[in-house]
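What follows is a short report on a single structure.
Given the structure is predicted, the values throughout are model-derived calculations rather than measurements.
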Amino acid sequence: MFTDIVGYTALMGKDTEKALALMDRNKGIQKPLIDQHNGTWHKDLGDGSLASFVSAVDAVSCALEIQKALKEDQELKIRIGIHLGDVTFKEGDVHGDGVNIASRIESIADPGGIYISESVHKAIRGHHQLQSQYLGEAQLKNVDYPVKTFAMKGEGLPVPTDTAEKHLSGRLWAEIKRRNVIRPAMVYLFVALVVAFLVQAAVSNDALPGFYASFLWPILGLGFVVATYLAWSFERSPQGFIPTTSKRSWDNPYSDTQKKPLTSDFIIVVLVLVIAGMYAFPQYFGLGGRAPIADKSIAVLYFENMSGDEGQEYFSDGITEEIISHLARITDLRVISRTSVLPYKGKGTNIRDIADKLNVSAVLEGSVRRSGNKIRITAQLINAQTDEHLWTEVYDRELADIFEIQSSVAKAIADKFNVQISREIEKKITTPPTDNLLAYDLYLQALAKSGRWTGFGIGTYVGSGQAAIDLLKKVLDLDPNYAQAMALLSENYRDVGVRIPGGRGDEMIDSSVFMAKEAIIHAPDEATGYIALANATSGGMRGRVGTAAQPTDLKWYQKAYEVDSVAGRVPLGNAYLEVGSYPQAMKLFQEEIEYSPRQHTGFKAKAFAYIYLGRADSAIKYLRIADDLAPNVQDVAAVWTYLYVFQGDIDSAEPYVKAYYTTDSLDTLGYNKEMGVCSIFGKNWDLAEKYYANTNYRDMDLGLVLMRTGREDSGRVILEKALQFRQELRDPWRGDYSRINAMLGNYDVAIAELKKLVDEGWHEYYWLKNDPFWDEIRHLPEFKQIETDFYRRNEEMLQEIKEKGY
């Protein structure tokens with residue numbers, strides 16, 4: 001224990017006799033008290049003294065008695081510092097690091113105060129009559145580590161001052177401990193958790209409206225702030241509640257748990273046990289009615305066709321897609337797309353595995369049985385984390401009730417997720433698209449044939465599209481106001497019209513434009529009509545620029561986005577790609593990612609854009625995310641295919657090409673043709689010929705292969721026929737004009753067509769870099785200039801995308 005007389009040096013300079021008298025008086029008071037407390041007075045240190053004790057309790061008790069004895073003495077004020085540590089006694093003197101620390105702690109103590117080190121605090125904390133308060137870590141002179149320092153509390157002892165000279169750190173934590181904030185905060189959090197459980201249980205069991213759960217967390221959060229502030233600012237004492245900054249707080253005799261009511265160990269343990277019980281036995285706390293859903297995300301699996309007739313598959317598939325469409329309209333509900341769940345159709349995969357792969361919290365599955373005008377639809381919503389059935393319903397109805405069933409399913413699921421449906425969305429969900437059931441049935445049949453590959457080649461695609469057109473014409477004969485059918489008919493007219501040469505193709509494109517405009521007239525608040533019109537009047541959505549009679553027209557895509565940003569966002573982004581406006585496209589794709597972070601669509605679109613920009617590393621990063629979100633999805637495999645095929649990377653492309661063409665069953669013709677393209681971009685002519693030998697493809701790529709393998713005459717014949725075919729086609733890609741003319745030796749035409757293509761916004765990095773058709777003209781100065789301009793624009797767009805954080 002070190003002691004020191006406050007102001008002794010100054011007094012010695014003014015009044016030596018008085019200073020010496022004070023020193024004698026100090027020794028006369030201290031030495032007897034030290035002896036009484038089993039201490040040893042070692043020596044005077046000028047105005048101070050050094051003493052040692054048998055125990056820390058004796059040292060602290062003695063220090064308290066000394067300060068009590070000097071309480072009324074206005075002239076004699078001393079500081080006391082105490083440390084517990086090893087010391088060495090030699091030749092009547094005391095040495096050691098412990099002596100040094102005690103003296104340094106004493107030097108920062110307040111007049112009339114007692115400071116102790118952490119070792120002393122630990123030694124006395126079992127003695128409730130000896131109270132101390134943590135001040136922080138002191139950086140003491142000649143001590144190479146910070147020392148946790150405490151001030152003794154008791155009647156007459158001063159409140160410690162927080163001065164810079166003390167070099168105390170960690171003061172905030174010291175104040176938090178002094179004001180006993182931690183226990184009240186813990187109790188509040190545990191109580192809040194119990195309340196949250198109970199409210200959730202009440203909402204889940206329909207005892208409370210769903211909006212209670214929405215407001216609960218903000219209220220509890222605000223309550224935590226208020227409770228913490230009150231605990232920080234006030235405490236209970238014999239005089240009632242007092243400010244923690246007052247002198248009364250320092251002298252408060254109450255224990256920590258007495259100062260903060262209802263924060264005892266018993267209460268904390270009880271709360272922890274209650275919470276553990278709620279987790280372990282939810283049924284006893286009213287939580288067993290429905291397991292809480294982790295987040296608002298759902299995958300709708302294709303409903304099983306239970307009709308005993310494979311020909312009714314279109315009906316069960318159509319019901320599923322309509323339910324997906326309804327749910328996708330609901331704000332705050334994340335719905336996995338049709339293409340993401342398609343790979344699981346008919347596979348019987350475990351629900352939890354599907355949910356894990358698609359990263360959703362719930363799965364809707366069901367079945368459809370149709371017999372004449374009777375239908376039975378079974379639907380069940382499953383919590384993917386617990387396998388618990390959150391909701392099950394069986395609809396035994398007339399076929400006429402099909403639209404009501406679809407909207408009922410959507411609203412029931414929204415209720416289970418506690419999401420609100422706006423009046424506008426509810427109107428769209430509950431309004432039947434048609435009053436004619438036969439028209440609806442034919443529409444579902446047409447939907448099953450629209451845009452679906454039945455094999456490889458233009459002929460099979462046109463055949464499927466023509467079948468859809470015939471069905472949709474019948475639909476509109478039955479219901480001339482069926483807007484959805486109009487938009488779908490427009491898309492099929494366009495898909496077929498651009499793939500057949502001559503006047504018939506022109507007529508179909510004109511019909512596509514007409515039907516899209518009709519769809520807009522009948523449903524001006526739906527995006528499908530505007531997207532159909534945009535596709536029909538431009539080269540839209542086919543990954544090419546200028547593929548139709550006029551370049552891409554953005555205004556209809558923009559209108560679709562204005563009407564329905566969810567449905568129109570990605571189509572508008574793709575349209576921006578077609579005109580070479582990559583920063584604008586990336587902005588929309590980033591919006592899609594932020595809006596639907598659990599959907600693969602935005603990540604896939606962004607990857608495709610990076611392929612066009614020649615950044616394979618960035619494309620791969622986003623494709624891997626898309627794969628994680630939607631494993632085995634065909635459209636993601638298609639982008640992987642595009643990435644590697646046009647780099648000529650045969651080994652990397654092969655598994656993705658196979659995945660793309662074997663989603664349902666092996667399309668050998670398509671697989672061999674795609675690998676043939678990859679082989680020619682890799683300039684492996686023998687392998688390319690091997691693949692093309694196993695296709696029915698006799699177009700320009702095969703002509704190139706024949707020319708490169710020494711059969712120039714046969715190759716030229718194929719190329720000339722390919723060029724003629726494109727001149728007759730309603731929807732040629734003008735890049736093919738450039739490519740074919742380059743191989744035929746018409747270099748001026750090839751350069752002119754390529755320049756037009758690039759000027760209109762075409763921007764496919766790997767195609768320009770690797771296409772073997774253009775090898776014939778790469779040496780020309782005009783081609784090199786096109787390359788220079790292309791790559792400069794590429795870097796400018798990449799820089800803009802980086803700067804804007806897209």
Quick check for you: to the nearest 0.5 Å, what is the distance between [X] atom [atom1] and [Y] atom [atom2]?
| X | Y | atom1 | atom2 | value |
| --- | --- | --- | --- | --- |
| Phe241 | Ser233 | CZ | OG | 12.5 Å |
| Leu262 | Thr257 | CG | OG1 | 10.5 Å |
| Ser249 | Tyr254 | OG | OH | 13.5 Å |
| Leu22 | Asp15 | CG | CG | 9.0 Å |
| Met186 | Arg183 | CE | CZ | 7.0 Å |

Residue pair [X] / [Y], side-chain heavy-atom distance below 4.5 Å:
| X | Y | answer |
| --- | --- | --- |
| Leu140 | Asn100 | no |
| Ser408 | Glu393 | no |
| Val300 | Glu365 | no |
| Leu381 | Phe417 | yes |
| Leu364 | Trp391 | yes |
| Leu70 | Ile66 | yes |
| Leu157 | Leu64 | yes |
| Lys428 | Glu424 | yes |

Quick one about [Y] and [X] (side-chain donor to acceptor, distance below 3.5 Å, no hydrogens or angles considered), yes or no?
| X | Y | value |
| --- | --- | --- |
| Ser49 | Thr3 | yes |
| Ser61 | Asp58 | no |
| Glu137 | Thr149 | no |
| Gln239 | Ser237 | yes |
| Ser52 | His42 | yes |
| Glu235 | Asn252 | yes |

For this session: Step through the shown structure and confirm whether more than 12 heavy atoms of other residues, nucleotides or ligands are within 6.0 Å of CD on Glu17.
Result: no
Problem set entry | More than 12 heavy atoms from other groups under 6.0 Å of OH on Tyr229 | no
For this session: Before giving the answer on side chain to side chain contact (heavy atoms under 4.5 Å, CB included), spell out for Ile105 and Ser117 the whole-Å C-alpha distance, their side-chain angles and the decisive distance to 0.1 Å.
Result: CA-CA 8 Å; Ile105 290 177; Ser117 66; 3.6 Å; yes
Exercise. Could you walk me through whether Ser107 and Arg79 pass the side chain to side chain contact (heavy atoms under 4.5 Å, CB included) check?
Worked result: CA-CA 7 Å; Ser107 69; Arg79 299 184 181 92; over 6 Å; no
For this session: Could you tell me whether Asp564 and Arg329 make a salt bridge, using a distance below 4.0 angstrom between a side-chain N and a carboxylate O?
Result: no
Problem set entry | Note: Glu592-Lys606 ion pair, threshold 4.0 Å (strictly below) | no
Do you know which two heavy atoms are closest between [X] and [Y], and how far apart they sit?
| X | Y | answer |
| --- | --- | --- |
| Val363 | Ala355 | CG2-CB, 4.1 Å |
| Gln139 | Asp144 | NE2-C, 4.5 Å |
| Pro32 | Ile29 | CD-O, 3.5 Å |

Solution key, residues 125-135 side-chain donor-acceptor pairs under 3.5 Å, sequence neighbours excluded:
| residue | atom | partner | partner atom | Å |
| --- | --- | --- | --- | --- |
| Gln131 | NE2 | His128 | O | 2.5 |
| Ser132 | OG | His121 | ND1 | 2.8 |

